[in-house]
Structure formats: C-alpha cells, structure tokens
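Each remark here refers to the structure printed beneath this line.
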Number of protein chains: 2
Amino acid sequence: MAKASAGPEIERLIQLLARLPGLGPRSARRAALHLVKKREQLLAPLADAMRLAADRVVVCSACGNIDTSDPCAICVDSSRDPSILIVVEDVSDLWALERSNVVNARYHVLGGVLSPLDGIGPDELNIAKLVERAADPVVREVVIALNATVDGQTTAHFLTEALAHLPLAITRLAHGVPVGGELDYLDEGTLTAALRSRTAL
Amino acid sequence: MAKASAGPEIERLIQLLARLPGLGPRSARRAALHLVKKREQLLAPLADAMRLAADRVVVCSACGNIDTSDPCAICVDSSRDPSILIVVEDVSDLWALERSNVVNARYHVLGGVLSPLDGIGPDELNIAKLVERAADPVVREVVIALNATVDGQTTAHFLTEALAHLPLAITRLAHGVPVGGELDYLDEGTLTAALRSRTAL
C-alpha cells in the first residue's frame with residue numbers, strides 16, 4: 001500500500017491476515033474491516049481465542065496430534081480401541097476421520113509424507129515413534145490412512161516394510177467410487193480399483 | 001462437528017474464523033491448523049495485533065473513517081486540500097481511493113447507501129454530518145464517489161439535493177471504460193457513458 005491510510009495497527013492486522021491460507025491481500029483487507037466493524041462481537045473474542053490457543057496448544061508427544069494436553073485427549077481416551085492405530089499424514093486428516101465418526105481407535109500423525117525431492121526422508125517424519133508404538137503387544141492392526149497420491153503411496157510402502165518385523169495386520173483405506181460420485185467423472189485408476197474390489201450385492 | 005477432537009479452544013477458534021468474510025467452515029479449519037502450526041510466527045502476533053486493534057481502533061467523529069485516533073490521521077493531515085470533500089459509501093472505498101494515490105483531499109464515509117427495502121433511510125446514514133461539514137466555507141467541492149449501482153446513484157441524487165442550497169461544486173466520478181478493460185466485455189450502459197464523455201486525443 002502506498003499510504004498507511006488505515007493506521008499502522010490495521011495495516012499490521014491486514015498483513016498478518018493475508019498470511020492465512022485462503023486469504024489474499026484483498027480479502028485480508030475485507031476481513032480486517034469486517035473485524036474492526038464487529039469489534040465487540042468478533043474482533044475481541046477472536047483475539048482472546050487466538051491468545052488462548054497460542055498459550056495452551058501443544059503437540060501430543062505420543063501421536064503428534066494437536067491439543068491442549070499432552071498426551072492428547074484421544075490418546076488418553078480409555079473408551080477407544082487400543083488395538084488399532086491409524087496412521088495419517090497430518091492433523092487435518094485426523095480431524096477428517098474423526099468427523100466421519102466411524103472410527104474409535106487411536107492415531108499416529110506422521111507430519112508429512114516421504115518426498116526425496118523436498119528433502120523429506122524417514123528421519124524428518126514421526127516414523128521411529130510409530131514403530132515404537134506399534135511394537136506394543138496391545139496393538140494388533142495398523143491402518144495406513146495416507147492420501148492416495150504418489151508420495152502417500154510411496155510412504156505407505158515404506159511404512160509397511162518398517163513394520164514388517166512386527167506381528168501386526170497392516171491395512172490401508174479402500175480405493176473405489178466416492179459416495180455420491182459419478183463414474184463419468186472418475187479417473188481410470190479409481191475405476192480399475194473399484195472394479196477389482198467389487199463386492200457382492 | 002460431531003466430536004470436539006481438536007479440543008474446545010481450537011473448536012472455538014475455528015468457529016470464530018469461519019465468521020470472517022471469505023472463509024467457510026472448511027477453510028476456517030485449514031486456517032486454524034495453519035495458525036496453530038505457526039504459533040510463534042503467526043498465531044501469537046495475530047492475537048496481539050487483534051487485541052491492539054480491538055483496544056485502539058475508533059471511528060472518526062468527523063468523517064466516519066476508522067483509525068486509532070479521533071479525529072483520524074486523514075482529517076488532521078494539514079497537507080491535504082481542505083476545499084475538497086470526497087463522499088464514499090464505506091471505509092473500504094476510502095482505502096481504495098487512498099491506494100490509487102491520486103487524491104489528496106479529505107473524505108466523508110456515509111456508512112452505507114439509501115436502501116428503502118432494507119430500511120436504510122437518510123437518518124441511518126452519516127448525511128447530517130456531511131451537510132454540516134460541507135457548509136464550512138473552506139469546502140468548495142464535494143465529490144460523490146459512490147458505487148455505480150442503483151442504490152449508489154439514488155443516494156448520489158439525494159445528496160445532490162441535500163447539498164443544493166450550499167455554494168458548492170458537486171461532482172461525481174467519471175463513467176467509462178476501465179483501464180485495461182475490453183469493449184467486448186462491457187455492458188451497454190458503460191459503453192454509452194464512455195461514448196458520451198469521449199475526450200479529444
């Protein structure tokens with residue numbers, strides 16, 4: 001901006017908001033103005049919520065989840081099946097699986113996938129800890145719930161080998177037609193996988 | 001969300017972020033996760049910037065601009081031409097004109113446009129104060145810089161009449177082809193206006 005017409009405090013707010021994913025410089029200005037107009041209802045509560053999150057949120061030392069306690073609420077939840085460990089790439093994937101409300105197991109967040117070109121090898125990921133957790137006799141199955149991308153599948157293969165010495169079932173999410181999906185819009189790889197894994201009606 | 005898997009602090013952060021313009025529930029989750037991961041670089045500074053803005057930002061009692069001082073920095077800027085008053089609908093329009101860096105006058109923020117269907121009449125807008133400011137003998141021109149929409153133009157006509165008794169030039173922004181615009185994509189109203197106001201090359 002040529003002039004700091006909005007005052008340095010608002011300019012700084014705009015600059016920080018523009019660093020959020022999904023907000024560019026233009027929408028950051030719009031968001032800042034909206035915040036300033038709704039000072040009591042939105043700006044002050046959001047400032048407090050951010051301060052609270054900044055002060056309290058920690059990474060779970062067991063599974064890599066993000067929570068306000070360590071170990072996290074999922075790791076200490078005794079109602080969850082301790083025999084299943086679901087490996088995900090990122091906390092957002094853990095949230096997505098929790099929203100589906102179908103699993104009642106524990107997780108292990110890798111913090112990324114293997115990507116040699118980006119310099120991400122096994123040591124950059126939370127893999128040693130996974131092998132350590134999976135070696136606990138109570139764990140009977142490791143579900144590898146990584147994205148169905150090249151890097152995700154490479155990582156899945158690596159994990160399978162890293163866990164091969166343990167008496168575990170190692171599984172992965174099924175490939176197939178997304179619920180609500182139309183065949184005409186799906187790629188051939190998905191259709192091939194869906195056909196191969198067809199089930200009896 | 002079915003379960004508060006992310007803890008109540010993060011859930012609350014997500015809910016508040018989702019109320020920003022341009023962010024939905026999904027992108028609010030993504031933004032919250034990004035914030036929590038960049039706690040030191042982004043979350044804590046943003047919390048501080050919001051707290052500062054919430055504590056300090058005020059509406060200028062003279063022009064309706066948003067700033068950390070009242071009267072605002074623009075109103076007290078003695079380098080600005082006091083004879084011109086630019087009427088805008090919203091602070092975002094003021095910011096847009098300031099970014100263009102071509103004006104060096106003062107502003108008057110109406111806080112909206114007349115819209116009888118939404119119950120917005122002259123008393124809901126910052127119009128009485130405009131008439132009062134325009135009556136200052138130092139003011140020689142009022143530029144009505146409202147959006148070229150039906151409501152904006154209705155409001156412009158209303159303001160013209162409200163200011164008619166004063167010895168002022170009342171002007172409006174030119175209509176025409178946007179710089180960089182292609183004729184083929186412009187509506188007929190814009191083309192008609194651009195032709196009527198054609199200038200010598």
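We name chains A, B, ... by the order of the sequence lines, and we start the count at 1 in each one. From a predicted model like this one, the values you see are computed outputs, not experimental measurements.
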Out of [options], which one racks up the most heavy-atom pairs below 4.5 Å with chain A?
options	value
Ser27(B), Gly22(B), Ala53(B), Ala47(B)	Ala47(B)
Lys37(B), Glu40(B), Lys38(B)	Lys37(B)
Leu23(B), Val36(B), Leu42(B)	Leu42(B)
Ala44(B), Cys72(B), Ser69(B)	Ala44(B)

Just by distance, do the side chain of Arg39(B) and the backbone of Val57(A) share a donor-acceptor pair under 3.5 Å?
yes
Taking the side chain as every heavy atom from C-beta outward, state whether Arg19(B) and Gln41(A) have any atom pair closer than 4.5 Å.
yes
Check step by step if side-chain contact (heavy atoms from CB on, under 4.5 Å) holds for Leu33(B) and Asp90(A).
CA-CA 10 Å; Leu33(B) 194 58; Asp90(A) 196 20; 3.8 Å; yes
Check each of Leu16(B), Leu17(B), Asp48(B) against Met50(A) using the side-chain contact (heavy atoms from CB on, under 4.5 Å) test, and report the only one that passes.
Leu17(B)
Nearest-0.5 Å distance, [atom1] of residue [X] to [atom2] of residue [Y]:
X	Y	atom1	atom2	answer
His34(B)	Ser92(A)	NE2	OG	13.0 Å
Trp95(B)	Ile10(A)	CH2	CD1	5.0 Å
Leu46(B)	Leu46(A)	CG	CG	7.0 Å

For Arg140(B), does the CZ atom sit with more than 12 other heavy atoms under 6.0 Å from it, leaving out its own atoms?
no
Should the heavy atoms of other residues, nucleotides or ligands under 6.0 Å from NE2 of His175(B) be counted, would the total exceed 12?
yes
Top of Ala54(A), Pro45(A), Ser100(A) for chain B proximity - count of heavy-atom pairs under 4.5 angstrom:
Ala54(A)
